[in-house]
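Presented below is the structure to which this report refers.
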Amino acid sequence: MPELPEVETIRRSLARRLVGRRLAGCRVMGPHVLQGCRPAELRQLRGLRVADLGRRGKYLIIVLEKGVSLVFHLKMTGQFLLGGAERPLDRHTHFVLRLAGGKEDLRFRDVRKFGRLRLVRGREDELESAFSGLGPEPLQLGRDEFARLVKGRTGRLKSLLLNQSFLAGIGNIYADEILFAARLHPLASAAGLSPAQRNRLWRSLRRVLGRAVARGGSTVRDYRDADGRTGLFQIEHKVYGRASLPCRRCRQPIRRIVVGGRSTHFCPRCQSS
DNA sequence: GCCACTGTTAGCAT
DNA sequence: CATGCTAACAGTGG
């Protein structure tokens, strides 16, 4: 389940192998992956060089020359696979970027077919307009900026962290892990946070996301980076997926509840406020 | 074979 | 601003 740390890990693995390479073209096997552009428009990709790889929240960006970018969202089961073009494509591969001067290609596969890509025109510094409505990057957020962001919010902490217009990139796993690290109850109201609790939340979200990026993200089921490597952060999960197992800090059984339709894991003793 | 569940987002109603 | 529902889809496990 690619959230910010997983998408960032994919971005880094792709950057190492794609930057500077030239595209020979692309193939669209599943037209459903195209968002707001027709297959014919993708012909302009041919001959363009990969300038950079970017990320915004959970979106991955392949920045090409001439002000053209490809913006991907992996949703739940989207994957990139960088590999030999001689390997047959499986039925879950919906889009392929062919690279010039070699036998490799970049494959976008997605078992559940929710993942999307779109073509965006504009220089790299103009890309932000393609993400209107998306909140700021959690890892580039100062303490005071976070305080301003929280001000006026009334919802539950868990739902707030999942809200992409509040902060970009946090999903179900990291929302739970961040709240455990901050020792805050998922049902606590954002409006009821003391300044100390709010600062703890800010510190925790930076620490948890930063650590997860350093460990290459979490592989719970099928997440892999573009080189096929799993993440390592799942080893350090304190609450996610640990319902009824003893809390690593106090031995109290971890509880699982449903908040806003999403499964939520927390320690009733460590996260009593 | 059936059913519930998995997690992300958009779109809708309230 | 918030909450709750649905739908998109395929695989997994009971």
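Protein chains get the first letters and strands the later ones, always in sequence-line order, with residue 1 at the start of each.
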If the P atom of C:dC5 is compared with that of B:dA4, how far apart are they to the nearest Å? 16 Å
Need one value for A:Arg116: base, sugar-phosphate or nothing, where a base atom within 4.0 Å counts as base even if backbone is also close, heavy atoms only. nothing
Write down the distance between CG (A:Asn163) and P (C:dC1), rounded to a whole number of angstrom. 9 Å
Atom pair distance, as rounded to whole Å: NE2 in A:His92 and C1' in C:dT12: 13 Å
Residue set satisfying ring-ring contact (aromatic ring centres under 6.0 Å, His included) with A:Tyr59, at least two apart, ordered chain then number -> A:His73, A:Phe131
Grab the CZ-P distance between A:Arg109 and C:dA10 for me, whole Å please. 13 Å
Has the side chain of A:Trp202 got a donor or acceptor atom that lies under 3.5 Å from a matching backbone atom of A:Gln197? no
Could you check how far CG of A:Leu161 sits from P of B:dT9, rounded to whole Å? 14 Å
Among C:dC1, B:dT8, B:dA10, which is the nearest nucleotide to the side chain of A:Thr154? C:dC1
Taking pairing as Watson-Crick or G-U wobble with both contacts under 3.5 Å, can you name the mate of C:dC9, or confirm there isn't one? none
Using a cut-off of less than 4.0 Å, is there contact between a side-chain N or O of A:Arg156 and OP1 or OP2 of C:dC1? no
Nearest to side-chain heavy atoms of A:Phe114, which nucleotide of C:dA2, C:dA10, B:dT8: B:dT8
So A:Arg262, base contact, sugar-phosphate only, or nothing? Heavy-atom distance under 4.0 Å. base
Flag yes if A:Phe95 and A:Val71 sit in one hydrophobic cluster, no otherwise; membership is Ile, Leu, Val, Met, Phe, Trp, Tyr, and two members link when side-chain heavy atoms are under 4.5 Å apart. no
Give one of base, sugar-phosphate or nothing for A:Glu3, where a contact means two heavy atoms less than 4.0 Å apart. sugar-phosphate
Would A:Arg123 and A:Glu126 satisfy salt bridge (charged side-chain N to carboxylate O under 4.0 Å, His left out), going step by step from the backbone distance to the final call? CA-CA 5 Å; A:Arg123 295 191 319 272; A:Glu126 297 169 337; 3.1 Å; yes
Could you check whether A:His185 and A:Phe266 have their ring centres less than 6.0 Å apart? yes
Closest-nucleotide 5' rank along DNA chain C - winner of A:Val259 and A:Val111: A:Val259
May I have the distance from A:Asp90 (atom CG) to C:dG11 (atom C1'), rounded to whole angstrom? 14 Å
For A:Asp110 and B:dT8, what is the distance between atoms CG and P respectively, to the nearest whole Å? 13 Å
If you take the centroid of each ring, where Trp contributes its six-membered ring, are A:Tyr240 and A:Phe180 closer together than 6.0 Å? no
Hey, does A:His32 reach any base, or is it just sugar-phosphate, or nothing, if we go heavy atoms under 4.0 Å? nothing
Which listed nucleotide (C:dC1, C:dG11, C:dT3) is nearest to the side chain of A:Arg153? C:dC1
A:Leu209 side chain reached by A:Ile178 side chain, heavy atoms, under 4.5 Å: yes
Expressed in angstrom and rounded to an integer, what is the separation of A:Asp222 atom CG from B:dT8 atom C1'? 14 Å
When you compare the protein's N or O atoms with those of nucleotides 4-6 of chain B, which come within less than 3.5 Å of each other, and at what distance?
{"from": "B:dT6", "atom 1": "OP1", "to": "A:Arg256", "atom 2": "NH2", "distance (Å)": "2.4"}
{"from": "B:dT6", "atom 1": "O2", "to": "A:Arg112", "atom 2": "NH1", "distance (Å)": "3.1"}

Is the A:His237 ring parallel, tilted or perpendicular to the A:Tyr174 ring (thresholds 30°, 60°)? perpendicular
Calculate the interatomic distance between A:Lys58 atom NZ and B:dA10 atom P; express it in whole Å. 10 Å
Is any side-chain N or O of A:Lys75 closer than 4.0 Å to OP1 or OP2 of C:dA8? no
NA contact type, A:Gly171, heavy-atom cut-off 4.0 Å: base, sugar-phosphate, or nothing? sugar-phosphate
